[in-house]
Amino acid sequence: MFILKGISQLEKAITKAKKIRPRVEFDCFGRYRVSGSKGYYTVVCRKDERGYKTVSCTCKGAERGLVCYHSVAALSLHIGLARRQATA
Ligand SMILES: [Zn+2]
């Protein structure tokens, strides 16, 4: 799990996601399934009790606090949905 602070921390993972183009499946708002090398990973985007935006993924990299391309792929969908909700 990592705390989302800004776009700069995501850059490397964005580049990787653009190259790999994982499939992102919508589960419910804030919860997505992203295809990876060993099947699907679940990515959860939420605000914790202190108001931090946190992103967690079930892959090995994210377990160690790394920003993985699954998280970024899910985030791009999540941000789009959140924006649509805000303007609806
Ligand atoms: Zn991941």
Side-chain angles (χ1 to χ4, degrees):
M1 188 207 80
F2 64 92
I3 294 168
L4 184 60
K5 299 188 190 102
I7 199 83
S8 59
Q9 73 186 127
L10 306 176
E11 272 168 5
K12 259 192 206 159
I14 289 172
T15 307
K16 197 167 177 185
K18 277 185 182 158
K19 206 187 278 177
I20 297 173
R21 294 183 170 279
R23 179 192 279 271
V24 182
E25 285 181 6
F26 178 80
D27 192 355
C28 60
F29 184 69
R31 196 182 168 92
Y32 310 93
R33 276 188 302 269
V34 183
S35 64
S37 53
K38 289 182 183 124
Y40 277 82
Y41 297 109
T42 301
V43 177
V44 176
C45 310
R46 64 184 205 93
K47 257 188 198 164
D48 73 3
E49 49 286 340
R50 292 166 300 174
Y52 290 118
K53 286 176 192 152
T54 66
V55 183
S56 57
C57 177
T58 50
C59 78
K60 283 269 178 263
E63 254 173 36
R64 290 183 289 150
L66 299 175
V67 179
C68 61
Y69 71 90
H70 319 113
S71 297
V72 171
L75 259 179
S76 64
L77 176 63
H78 180 69
I79 289 167
L81 291 173
R83 211 169 273 158
R84 213 177 298 162
Q85 272 199 345
T87 54

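When a ligand or atom number is given, it counts from 1 through the structure's own listing order.
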Undergrad: Please report the interatomic distance CG(Leu66) to CE(Met1), rounded to the nearest 0.5 Å.
TA: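 Result: 13.0 Å between the selected atoms.
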Undergrad: Taking the hydrophobic residues Ile, Leu, Val, Met, Phe, Trp and Tyr, and joining any pair whose side-chain heavy atoms are under 4.5 Å apart, which ones share a cluster with Val43?
TA: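 The other cluster members (ILVMFWY side chains, heavy atoms under 4.5 Å, direct or chained) are Phe2, Leu4, Ile7, Leu10, Ile14, Val24, Phe26, Phe29, Tyr32, Val34, Val55, Val67, Val72, Leu75, Leu77, Ile79, Leu81.
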Undergrad: Test: side chain to side chain donor-acceptor pair (under 3.5 Å). Region: residues 48-63. Which pairs qualify, not counting sequence neighbours?
TA: Asp48-Arg50
Undergrad: Report the residues that fulfil ring pair (Phe, Tyr, Trp, His ring centres under 6.0 Å) with Tyr40, sequence neighbours left out, ordered by chain and then residue number.
TA: none
Undergrad: So, taking the atom named NE2 in His70 and the one named SG in Cys57, what distance separates them when rounded to the nearest 0.5 Å?
TA: 5.5 Å
Undergrad: Closest heavy-atom contact between Ala17 and Pro22?
TA: O-CD, 3.5 Å
Undergrad: State the count of protein N/O/S atoms located less than 2.8 Å away from the Zn ion (ligand 1).
TA: 4
